[in-house]
**Q** 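This structure is in structure tokens; I'll ask about it shortly.
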Number of protein chains: 2
Amino acid sequence: MILSIDLSSDVPIYQQIRDRIVEAIASGELVEGSPLPSTRQLAADLGVNFHTVNKSYDLLRQEGLVRLNRKSGAVVQRDAGSGPPEAGFTDEWAARLRTLLAEAVAHGVDGSSVLAACGSTLASFAVRTADLTTDQGEPA
Amino acid sequence: MILSIDLSSDVPIYQQIRDRIVEAIASGELVEGSPLPSTRQLAADLGVNFHTVNKSYDLLRQEGLVRLNRKSGAVVQRDAGSGPPEAGFTDEWAARLRTLLAEAVAHGVDGSSVLAACGSTLASFAVRTADLTTDQGEPA
DNA sequence: TATCTGTTCTATAAGTAATAGAGCAGATAG
DNA sequence: CTATCTGCTCTATTACTTATAGAACAGATA
């Protein structure tokens, strides 16, 4: 898995790593069971300290997205097809969504454009998740 | 304007204040020209230091959402009807949208539910912005 | 045995968040 | 003129976060 981070960003490195992995899971690039590189390996590839990667993986474990153990390393525990989210997730997430959408609206982006952006972003995930969601048969 | 913050949240206070004001602008509760309470007044109301509120207002000024000056205090500078966003905003915002939507998808929320959440959130803003977006004639 | 894995400890330097107090410039009200 | 409001700026402190670093342990693997 190739993963790129921006060292000059104001977003913390460990957060960027987490974000890129979450996006890879959403897009189907990573699925349940996919192995992640070891913390030391990924740290070496990115040119950062392994404690930083450790923090990212620990965050993902706390969120229930990955499983960590000594023998198999870091493995993706859930993806788009792993069932509904744990209790409490949706409310907290919806609050953050509200803030983010408000930002666009306040800056003058009209509602239909915002919704279109949401739709095309979701579609960009669905291209790769199509084979997962074919249970009900849901095309992009 | 009544504005509530959560002191036990992991979200910084100054960020919460900014977020609530952005949401108030998006919902039309605050429009271009609306006065914001003074930093000292709002700080007293919320029970926080006025430097913290100062930081929130400064952030909003940097984003171009409010205008600050000694004689008129803090005044909302733009709202949903103030035209398109400044260059660079949309790309950076879209990246954050991608991460947030990916989070929901990775946790198992299906695409249509995510899009529905976006739609209803936007609708909750549109209730108050309706009189602005039907404009040409904007009541004071 | 040697090496890989995650995991846990201490430690440090730099930055952020929130507090606090003092003061200045300009506008406004008495 | 005086008093008080406004945004704004400065120094300072405390606590927490970020990212670095090195060392070591437990267990699995070659």
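Below, chain A is the first sequence line, B the second, and so on; all start at residue 1.
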**Q** In whole angstrom, give the distance that lies between atom CD1 of A/Ile17 and atom P of D/dT20.
**A** 9 Å

**Q** Along nucleotides 23-30 of chain D, 5' to 3', which nucleotides get a B, which get an S, and which get a -, given that the test is a protein heavy-atom distance under 4.0 Å?
**A** BB-BSS--

**Q** Given D/dG7, is OP1 or OP2 found less than 4.0 Å from the side-chain N or O atoms of B/Tyr57?
**A** no

**Q** Under 4.0 Å: is that the gap between some side-chain N or O of A/Thr52 and OP1 or OP2 of D/dT20?
**A** yes

**Q** Donor-acceptor pair, A/Thr121 side chain versus A/Ala117 backbone, under 3.5 Å?
**A** yes

**Q** For the residue pair B/Leu101 and B/Cys118, what are the closest heavy atoms and their distance?
**A** CD2-SG, 4.2 Å

**Q** Report the distance from atom CG of B/Asn69 to atom C1' of D/dT9, rounded to the nearest whole Å.
**A** 17 Å

**Q** Does the side chain of B/Arg20 come under 3.5 Å of the side chain of B/Ser4 through a donor N or O and an acceptor N or O?
**A** no

**Q** Mind calculating the distance between CG (B/Asn49) and C1' (D/dT13) to the nearest angstrom?
**A** 12 Å

**Q** Check every atom of D/dG7, D/dT20, D/dA19 against the side chain of A/Pro12 and return the nucleotide holding the closest atom.
**A** D/dA19

**Q** Looking across every strand, which nucleic acid part, if any, lies under 4.0 Å from B/Arg67 by heavy atom: base, sugar-phosphate, or nothing?
**A** nothing

**Q** From OH of A/Tyr14 over to P of D/dT17, roughly how many Å is that when rounded to an integer?
**A** 9 Å

**Q** Rounded to the Å, how far apart are B/Leu7 CG and D/dA15 C1'?
**A** 16 Å

**Q** Which whole-number value in Å describes the distance from A/Lys55 NZ to D/dT20 C1'?
**A** 12 Å

**Q** Can you give me the closest heavy-atom contact between A/Tyr57 and A/Leu42, atom names plus distance?
**A** OH-CD2, 3.5 Å

**Q** In whole Å, I'd like the distance from the CD atom of B/Gln41 to the C1' atom of D/dG7.
**A** 15 Å

**Q** Both A/Val11 and B/Asn54 contact DNA chain D. Taking the nearest nucleotide for each, which residue is further toward the 5' end?
**A** B/Asn54

**Q** Hydrophobic side-chain clustering at under 4.5 Å (ILVMFWY, transitive links): who's grouped with A/Tyr14? Put none if nobody.
**A** A/Leu59

**Q** For chain A and DNA chain C, what are the first and last nucleotides along the strand, 5' to 3', with at least one atom under 4.0 angstrom from a heavy atom of the protein chain?
**A** C/dT5 to C/dC9

**Q** Identify the stems formed by DNA chain C, where each pair is Watson-Crick or G-U wobble with both distances under 3.5 angstrom and a stem is at least 3 consecutive pairs.
**A** C:1-4 with D:27-30, C:6-24 with D:7-25, C:26-30 with D:1-5

**Q** In a table with atom names and distances, give each donor-acceptor pair under 3.5 Å that connects a side chain of residues 81-88 of chain A to protein atoms at least two apart or in another chain.
**A**
from	atom 1	to	atom 2	distance (Å)
A/Ser82	OG	A/Glu32	OE1	2.8
A/Ser82	OG	A/Asp79	N	2.8
A/Ser82	OG	A/Asp79	O	3.4
A/Ser82	OG	A/Asp79	OD1	3.1

**Q** With a 4.5 Å cut-off on side-chain heavy-atom distances among I, L, V, M, F, W and Y, is there a chain of contacts connecting B/Val75 to B/Leu65?
**A** no

**Q** For residues 100-112 of chain A, which residue pairs qualify under salt bridge (Lys or Arg N to Asp or Glu O under 4.0 Å), counting only residues two or more places apart or in two chains?
**A** A/Glu103-B/Arg18, A/Glu103-B/Arg96

**Q** Is it true that a side-chain atom of A/Arg78 and a backbone atom of B/His107 form a donor plus acceptor pair closer than 3.5 Å?
**A** yes

**Q** Any salt bridge linking B/Asp58 with B/Arg61? Criterion: basic side-chain nitrogen under 4.0 Å from a carboxylate oxygen.
**A** yes

**Q** Keeping B/Gln16 on the side-chain end and B/Val11 on the backbone end, is there a donor-acceptor pair under 3.5 Å?
**A** yes

**Q** For A/Thr99 and B/Val22: C-alpha separation, side-chain torsions, deciding distance, then whether side-chain contact (heavy atoms from CB on, under 4.5 Å) applies.
**A** CA-CA 7 Å; A/Thr99 301; B/Val22 169; 5.7 Å; no

